[in-house]
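Counting starts at 1 for both ligands and their atoms, in listed order. Please read all numbers here as calculations on a predicted model, not as lab measurements.
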Amino acid sequence: MDKSSLIYPMFVKEGKGIEEEIPSMEGQFRYSVDRLPYELERLQKAGVSSVMFFGIPDHKDEVGSGAYDENGIVQKALREAKRLFPDMYYITDVCMCEYTSHGHCGVLCGHDVENDATLELLAKTALTHVQAGADMVAPSDMMDGRVMAIRKCLDKNGFKEVPIMSYAVKYASAFYGPFRDAAGSAPSFGDRRSYQMDFHNSREGIKEALLDVEEGADIVMVKPALSYLDMVTKIAQAVHVPVAAYSVSGEYAMVKAAAKMGWIDEARIICEMAAGTYRAGAQIYLTYFAKELAQYMEEGRIG
Ligand code: PBG
């Protein structure tokens, strides 16, 4: 376990002077671009050098155009962050759900998400992120074929060296509840079960990971982490690229809530969850507890 393997997910929002706490994720904030540097500085001091940006736009529309606007919120945040902290490593979540008026991860045809029509928009989103300074892109939409679409688009535009971390094994999970609050991205009808995976199924996860590697993924992710550690182990055995695990918003919220009640020892639980995830085979850990973990590693409580 090492600080360099931690990735801290962050929410960036349109506006000025905003640093607002997310009610369902105590201790996590939405930042406007001008407030973002203060948190980046705190992260850098703590030894966390990789962040992943999620955008919260002011306007949403049917086709999620804010996602691939070169002056979109993530693109603006990247340019500013890169200018002030060029040594940090910037990853972006590539998805449409924060930008579509209906909250689904792709464009719709009737009430169905149109897989193939969405691919082009995801590729465009990834390209604008990289042009704005992203070091790596992380598609989380779960459309089939999106890793290849993004790879081709980045290659064609001269970004052959920019890696893709695919949310390859992403389950349709209730653990994303607090995130959808934080990002305002809950679907306005239906659910995500036509594109995210059924959590009863483990073989499909292996298939998804292998497909993504074949399409060009440089890292594959399992998400959520805690209830899916068997999948982390299975994927680590099945692929020859690094495996990342994402301890998601619901996991964070449960720990925070129980700790607030005085029912658990927060620091020990954070360490145990992290150690379990690495023990299962993850080499990269995305967590809202990144700063705390970096501190615990520094103190030798975990390592
Ligand atoms: C976007 C996305 C989600 C998360 C990461 N990227 C939400 C979802 O799929 O509904 C969840 C992260 C978390 O819960 O911490 N599709």
Side-chain angles (χ1 to χ4, degrees), residues 6-12 22-30 51-57 60 64 66-68 72-74 91-100 102-108 113 115 118 121-122 125-126 129 134 136-144 146-147 150 164-199 208 219-228 244-257 270 273 277 284-290:
L6 298 169
I7 299 174
Y8 182 60
M10 299 182 73
F11 301 93
V12 288
I22 299 160
S24 53
M25 298 175 73
E26 243 174 55
Q28 301 302 309
F29 296 80
R30 305 183 189 101
V51 294
M52 181 153 76
F53 286 160
F54 292 96
I56 305 170
K60 303 182 188 235
Y68 39 89
I73 177 63
V74 166
I91 306 161
T92 57
D93 182 88
V94 175
C95 191
M96 314 267 311
C97 65
E98 294 107 305
Y99 304 91
T100 51
H102 43 76
H104 278 287
C105 300
V107 284
L108 298 182
V113 172
N115 189 95
T118 302
L121 302 181
L122 292 167
T125 303
H129 288 176
M136 176 156 79
V137 290
S140 69
D141 51 280
M142 290 303 278
M143 299 302 124
D144 292 330
R146 91 275 208 206
V147 173
I150 291 172
I164 299 174
M165 172 165 66
S166 170
Y167 286 70
V169 187
K170 176 172 174 179
Y171 286 93
S173 167
F175 281 102
Y176 311 147
F179 172 95
R180 291 181 189 170
D181 254 8
S185 64
S188 59
F189 65 88
D191 54 45
R192 303 208 202 291
R193 280 186 285 185
S194 71
Y195 41 101
Q196 299 182 350
M197 284 192 310
D198 179 346
F199 55 70
E208 289 281 355
I219 298 168
V220 289
M221 188 203 295
V222 175
K223 172 186 171 198
L226 199 56
S227 303
Y228 298 88
Y246 192 154
S247 180
V248 298
S249 56
E251 300 176 44
Y252 177 84
M254 292 195 307
V255 173
K256 279 298 195 192
I270 293 171
M273 283 166 67
T277 307
I284 296 168
Y285 191 36
L286 295 104
T287 171
Y288 301 97
F289 287 121

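At a heavy-atom distance under 4.0 Å, no atom of D141 approaches ligand 1.
Near K223, meaning under 4.0 Å from one of its heavy atoms, ligand 1 places the atoms 2 (C), 3 (C), 4 (C), 5 (C), 6 (N), 11 (C), 12 (C). Each of the atoms 8 (C), 9 (O), 10 (O), 11 (C), 14 (O) of ligand 1 lies under 4.0 Å from some heavy atom of Y176. For ligand 1, the atoms sitting less than 4.0 Å from at least one non-hydrogen atom of S140 are 1 (C), 2 (C), 6 (N), 16 (N), numbered in the order shown with element in parentheses. Counting the atoms of ligand 1 from 1 in the order shown, those under 4.0 Å from a heavy atom of Y246 are 12 (C), 15 (O). Heavy-atom contacts of Q196 reach the following atoms of ligand 1: 8 (C), 9 (O) (cutoff under 4.0 Å). When each atom of ligand 1 is checked for a heavy atom of C95 under 4.0 Å away, the hits are 1 (C), 16 (N). Interface atoms of ligand 1 facing F54, defined by a heavy-atom separation under 4.0 Å, are 5 (C), 6 (N). Which parts of ligand 1 touch C97 is read off a 4.0 Å heavy-atom cut-off, strictly below it: atoms 1 (C), 16 (N).
In this structure, a donor-acceptor pair under 3.5 Å is absent between the side chains of E251 and Y246. No hydrogens or angles considered: nothing links the side chains of N115 and Y195 as a donor-acceptor pair under 3.5 Å.
The side-chain contact (heavy atoms from CB on, under 4.5 Å) with V74 is formed by just one residue from the set Y68, Y99, F54; it is Y99.
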Go through the steps for Y167 and E208 under the test side-chain hydrogen bond (donor to acceptor under 3.5 Å, both in side chains), then give the verdict. CA-CA 10 Å; Y167 286 70; E208 289 281 355; over 6 Å; no

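Note: an N/O pair closer than 3.5 Å links K170 and ligand 1 by distance alone. For R180, a nitrogen or oxygen atom sits less than 3.5 Å from a nitrogen or oxygen atom of ligand 1, counting backbone and side chain alike.
One N or O on the side chain of K60 and one on the backbone of E98 form a donor-acceptor pair closer than 3.5 Å. Using a distance-only test at 3.5 Å, with no hydrogens or angles considered, a donor-acceptor pair links the side chain of S249 to the main chain of F175.
Looking at atom 14 (O) of ligand 1, its nearest protein heavy atom turns out to be S249 OG, 2.6 Å.
A cation-pi arrangement is found for K170 relative to Y176, the charged atom lying closer than 6.0 Å to the ring centre and inside a 45° cone about the ring normal.
Between Y288, Y167, F179, it is Y288 that holds the heavy atom closest to atom 15 (O) of ligand 1.
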